[in-house]
Amino acid sequence: MKIHWFSAGRHYLQVIAFCCVVAVLTTTIWPNKTYLMQVGYALSVGTVIWAVIEFGRYLVDERHCHTDSTGGHGWPKGWRGLVLTVLGIGSGFLVGDRVGDYLFGYTNVSSPRDNAISLVITVVAGAAASFYFHARGRAAALTAKIATAERDAGEAELKLLEAQLEPHMLFNTLANLRALITVDPPRAVEMLDHLNNFLRVTLAGSRATSHPLASEFDRLRDYLELMSVRMGPRLRYSLDLPDTLGNQPVPPLLLQPLVENSIRHGLEPRVEGGEVVVRARRDGASLLIEVTDTGVGIDTEPSKGDGFGIAQVRERLQTVYGPQSTLTMAPLPTGGTRAAIRFPLSA
């Protein structure tokens, strides 16, 4: 039985505040007792009720409890919750008043009228407080369910986008492989070996919605080696990932479309080819990843170069990081293109 003491303490602080309010009412009914004394009596009753209900719910099987937002026991369902509330209020009335009498040395025997009034106040206050905590718990559990549903929906959307992206990359690579087979079979075999390694790593991590940035760079290196077989010395590349950023989680295949775009639209149109540089660095509280190339460059209009792969990267960034993420593409003054991804670093 794992008790969430922080949650229990927070509940008890609220009980103390509630008892202070009840003491204002009881002071007007029994003016012969000071407010501090009334607070003491209210706390005696409230503490007993709180203890019975707060810890009594842990004795109920979790299968008969509403899901708690903290992952522990929630409020018992149906008649079990009602019985626990009645036991708590009854214990508060029978035990709490006696504890108050003992603490304050009050020996006068209460009249039947005082006992009746005390019972009504205990029942009403205890029921109101119990309903308050029950409603708060249900609201927190509902909020947790909504958050879980939103997270699951986001993960499903992310996997759908990745599922759309992987065939796109595969078809492009197979088309390049087909063209290479007819002109240079040995290099085609080498390219097929690299493709096999790339797909094995990709399929191994296909069930994950994120992986370390170091793994993303490793997969990117496999892809660039794959492209190097086809382009030969026309393709040069470098990858720059600081060790401190290697464990940063990112969606799989986040960078490959940007590199593919650089090669296909930047380097391939040039006879002499060029270089692709992928660099990651910390920029304040954000992670900045830049993909630059020395290719022919892109049009200055934002819509240009926003093909299928780039559109998928934008959607995946929005799915995972929302408006805190950006993807910008711009021509470089010296020629070529710079694509920059920015999103918050994980804590």
Side-chain angles (χ1 to χ4, degrees), residues 1-26 28-30 38-103 109-153:
M1 181 175 69
K2 182 180 179 181
I3 298 176
H4 293 259
W5 293 104
F6 179 79
S7 176
R10 187 175 67 249
H11 291 165
Y12 187 59
L13 289 176
Q14 293 173 310
V15 168
I16 292 175
F18 194 76
C19 289
C20 291
V21 174
V22 172
V24 175
L25 173 64
T26 57
T28 61
I29 297 176
W30 293 290
Q38 296 290 3
V39 169
Y41 271 92
L43 282 175
S44 299
V45 175
T47 298
V48 173
I49 296 176
W50 164 80
V52 171
I53 295 178
E54 181 70 29
F55 301 109
R57 63 193 177 102
Y58 286 93
L59 301 178
V60 180
D61 194 303
E62 281 186 282
R63 294 174 296 178
H64 303 302
C65 292
H66 294 289
T67 302
D68 187 79
S69 59
T70 63
H73 265 68
W75 191 275
K77 296 178 181 178
W79 62 269
R80 295 174 179 82
L82 181 61
V83 169
L84 184 61
T85 302
V86 172
L87 285 176
I89 293 174
S91 300
F93 176 72
L94 295 175
V95 178
D97 269 346
R98 306 299 180 272
V99 172
D101 290 339
Y102 175 77
L103 292 176
V109 178
S110 299
S111 66
R113 175 180 174 276
D114 288 341
N115 286 332
I117 293 175
S118 179
L119 176 61
V120 170
I121 293 175
T122 302
V123 171
V124 172
S130 298
F131 177 78
Y132 166 78
F133 286 117
H134 169 69
R136 285 284 299 272
R138 289 294 302 275
L142 182 60
T143 300
K145 288 182 179 179
I146 292 174
T148 300
E150 290 177 346
R151 186 187 67 247
D152 291 344

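We're numbering straight along the sequence, starting at 1.
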Original post:
Can you tell me if S130 uses its side chain to pair, donor with acceptor, with the backbone of G126 under 3.5 Å?
Top reply: yes
Subject >> Non-hydrogen atoms of D114 and W30 that approach each other most closely >> reply: OD1-NE1, 3.0 Å
Subject >> Verdict with supporting geometry, Q14 and Y132, side-chain contact (heavy atoms from CB on, under 4.5 Å) >> reply: CA-CA 10 Å; Q14 293 173 310; Y132 166 78; 3.1 Å; yes
**OP:** For G96 and S44, work out which heavy atoms get closest and say how close.
**Re:** O-CB, 3.3 Å
Original post:
How far apart are the closest heavy atoms of C20 and V39, and which atoms are they?
Top reply: SG-CG1, 4.4 Å
Subject >> Flag side-chain contact, heavy atom, 4.5 Å: F93 against V45 >> reply: no
**OP:** Provide the closest heavy-atom pair for Q38 versus T26 in the form atom of the first, atom of the second, distance.
**Re:** OE1-OG1, 3.2 Å
Original post:
Which atoms form the tightest heavy-atom contact between C19 and G46, and what is the distance?
Top reply: SG-CA, 4.0 Å
Subject >> Side-chain heavy atoms of I49 within contact of T122, under 4.5 Å >> reply: yes
**OP:** Would you indicate whether the side-chain heavy atoms of L119 and N115 approach each other to under 4.5 Å?
**Re:** no
Original post:
From L43 CG over to F18 CZ, what is the distance, rounded to the nearest 0.5 angstrom?
Top reply: 12.5 Å
Original post:
If every non-hydrogen atom of G88 is compared with every non-hydrogen atom of V52, which pair is closest and at what distance?
Top reply: CA-CG1, 3.6 Å
Original post:
How would you list, by chain and number, every residue that makes a side-chain contact (heavy atoms from CB on, under 4.5 Å) with A51, sequence neighbours excluded?
Top reply: F55
